[in-house]
2 protein chains.
Amino acid sequence: MTSSKASANEQNSPDRPYHHGDLRRAILGAALDVIAADGPSALSLRGLARRAGVSHAAPAHHFKDRAGLLTAIAAEGFGLLATTLREATGLKEAGVRYVRFARDHPAHFQVMFAPELLRTGDLELTTARALAGDALREAVAAVPPGGRGTDARLAGVAAWALAHGFATLLLGHNLDGPVGERDPEEVFRELAGMLFRHAE
Amino acid sequence: MTSSKASANEQNSPDRPYHHGDLRRAILGAALDVIAADGPSALSLRGLARRAGVSHAAPAHHFKDRAGLLTAIAAEGFGLLATTLREATGLKEAGVRYVRFARDHPAHFQVMFAPELLRTGDLELTTARALAGDALREAVAAVPPGGRGTDARLAGVAAWALAHGFATLLLGHNLDGPVGERDPEEVFRELAGMLFRHAE
DNA sequence: GCTGCAATCTTGTCAGTGACAAGTTTTGCA
DNA sequence: TGCAAAACTTGTCACTGACAAGATTGCAGC
């Protein structure tokens with residue numbers, strides 16, 4: 001083991017400059033790769049450092065520790081989600097974008113909803129999360145009040161639960177059977193149609 | 001640190017018998033406690049061994065390794081879930097039971113849907129999962145075909161996604177605001193009502 | 001241009017962990 | 001009774017996260 005593949009520009013290049021250039025981004029990118037492939041538990045700060053060709057303690061300068069790195073990823077995720085939700089036209093479309101986000105950014109998505117891995121009090125994280133929450137509430141407010149007793153808050157919870165559950169099961173390969181070859185977004189549109197039959 | 005609280009009957013009792021009696025169950029129980037409190041990433045085989053008052057390598061005899069322990073927990077979880085789903089009368093009630101299961105067995109629930117922590121090919125696991133899947137499909141089949149174009153398979157996915165999403169968000173404390181003091185099961189009943197308006 | 005300071009990265013180290021190997025004690029059964 | 005398997009222990013290794021202290025570099029202000 002040890003230095004199995006110090007192939008190309010890995011870490012042993014003696015002419016490597018002292019300063020990486022954008023180590024923070026490099027670490028984040030590598031972390032997203034690892035998490036998407038094998039989950040957050042497979043993440044090793046030292047492994048990321050090796051990938052980026054820096055010393056084992058370099059990541060700590062940018063993220064303090066493991067929780068710091070994951071918190072940064074979660075915050076970035078909530079920011080991306082807020083942006084994409086804000087561009088949606090209606091609630092159903094917001095749901096579709098929610099599912100699309102989970103598929104496009106599986107690593108972010110996983111980490112965002114793993115609070116035990118995060119520094120939950122972090123300012124960046126809480127503000128980003130609040131932004132995403134606002135975007136979701138806006139989408140809910142846009143839906144016209146339907147049948148009797150349709151509480152807006154409840155409708156929001158229903159939409160969120162449906163989208164979140166679908167996305168989660170999808171990422172966990174629990175819907176490979178039922179969904180099969182079909183486009184997941186298309187399937188989700190049908191599900192959302194079942195939930196909000198009256199509105200559109 | 002080190003031996004901060006070797007208080008009562010922990011591990012230093014010199015009269016402790018060589019055989020624990022039911023170490024397997026003790027380790028499982030301790031693991032469930034830890035996971036429910038701090039998530040699977042906080043799990044340490046050595047920590048569990050300390051809790052049970054046995055040597056650091058004792059757990060390996062029953063579970064082989066970390067993945068083995070978590071796989072055993074997941075299999076147990078699917079078994080419990082299958083049992084509880086089978087007792088449900090209709091699809092909505094099955095959903096309620098799904099949510100209740102997640103709240104009653106949060107550790108099981110988390111591990112069951114964290115495939116990257118499991119030995120996915122394990123026989124016990126796959127059979128238990130199949131049992132739970134059968135129970136879910138049975139509940140779906142029981143629902144009368146509703147409005148035009150109501151695909152049974154799709155209805156099943158919708159119900160699963162809604163229940164799974166609600167349960168997941170609930171466990172992650174993402175619904176503390178919207179649900180508030182209300183009984184989560186009651187709230188879920190309303191959500192399920194929105195999804196299957198026609199059937200009851 | 002030079003100087004000093006802060007940001008960035010390195011080296012060194014420590015305790016904790018999972019996994020494995022090999023030995024010891026106990027149980028249960030022929 | 002004796003013996004094989006089950007249950008557990010001791011010892012060890014590579015790896016990891018965290019921390020401390022030092023080296024290198026970029027840069028702002030003079």
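Scope of the values below: all heavy atoms of this structure, side chains included, with no hydrogens, waters or symmetry mates. Quantities reported herein were computed from a predicted structural model and do not represent experimental measurements.
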* Residue pair Glu190(A), Lys92(A): steps toward the salt bridge (Lys or Arg N to Asp or Glu O under 4.0 Å) verdict -> CA-CA 10 Å; Glu190(A) 293 190 36; Lys92(A) 187 196 265 189; over 6 Å; no

* To do: Look at the side-chain N and O atoms of Arg50(A) and state whether any lies under 4.0 Å from the OP1 or OP2 oxygen of dT16(D).
  => yes

* Starting from the C-alpha separation in whole Å, work towards a yes-or-no answer on side-chain contact (heavy atoms from CB on, under 4.5 Å) for Leu136(B) and Tyr98(B). => CA-CA 10 Å; Leu136(B) 182 67; Tyr98(B) 193 95; 5.6 Å; no

* Side-chain N,O (Lys64(B)) to OP1/OP2 (dC20(C)) below 4.0 Å -> yes

* Can you name the closest pair of heavy atoms from Ala167(B) and Phe109(B) and give their distance? -> CB-CZ, 4.0 Å

* Asked: Picking from dT10(C), dT10(D), dA18(D), which would you name as closest to the side chain of Ala58(A)?
  -> dT10(C)

* Asked: Do Leu80(B) and Asp104(B) pass the side-chain contact (heavy atoms from CB on, under 4.5 Å) test, and can you show the C-alpha distance, the side-chain angles, and the key distance before you say yes or no?
  -> CA-CA 11 Å; Leu80(B) 290 169; Asp104(B) 288 346; over 6 Å; no

* To do: Verify the distance criterion only: is there a donor paired with an acceptor across the side chains of Arg119(A) and Thr71(A) at less than 3.5 Å?
  => no

* To do: Assess whether atom CZ of Arg182(A) is packed by more than 12 heavy atoms of other residues, nucleotides or ligands within 6.0 Å.
  => yes

* To do: Among the candidates dT16(D), dT9(D), dA18(D), find the nucleotide nearest to the side-chain atoms of Asp65(A).
  => dA18(D)

* Stepwise, does the salt bridge (Lys or Arg N to Asp or Glu O under 4.0 Å) test hold for Arg189(A) with Glu93(A)? -> CA-CA 8 Å; Arg189(A) 256 179 245 272; Glu93(A) 214 51 37; 3.0 Å; yes

* Atom CG of Leu70(A) to atom P of dT16(D): distance rounded to whole Å? -> 16 Å

* **Any residue of residues 21-32 of chain B with a heavy atom less than 4.0 Å from an atom of DNA chain D** => Gly21(B), Leu23(B)

* Asked: So does His61(A) get a side-chain nitrogen or oxygen closer than 4.0 Å to the phosphate oxygens (OP1/OP2) of dC9(C)?
  -> no

* To do: Go through the steps for His108(A) and Phe78(A) under the test side-chain contact (heavy atoms from CB on, under 4.5 Å), then give the verdict.
  => CA-CA 8 Å; His108(A) 285 101; Phe78(A) 278 114; over 6 Å; no

* Send over the distance from Leu48(A) CG to dC15(D) P, rounded to a whole Å. => 16 Å

* To do: Look at the side chain of Arg66(A) and decide which nucleotide, out of dC9(C), dG17(D), dA20(D), has an atom nearest to it.
  => dG17(D)

* To do: Could you label the plane-to-plane angle of the Phe113(B) and His164(B) rings as parallel, tilted or perpendicular, counting under 30° as parallel and over 60° as perpendicular?
  => perpendicular

* **Side chain of Ser55(B) - closest among dT10(C), dA21(C), dC8(D)** => dC8(D)

* To do: Check DNA chain C against residues 34-46 of chain B and give the residues with a non-hydrogen atom under 4.0 Å, in numerical order.
  => Leu43(B), Ser44(B), Leu45(B), Arg46(B)

* To do: Looking at every strand, decide which applies to His56(A) at a 4.0 Å heavy-atom threshold: base, sugar-phosphate, or nothing.
  => base

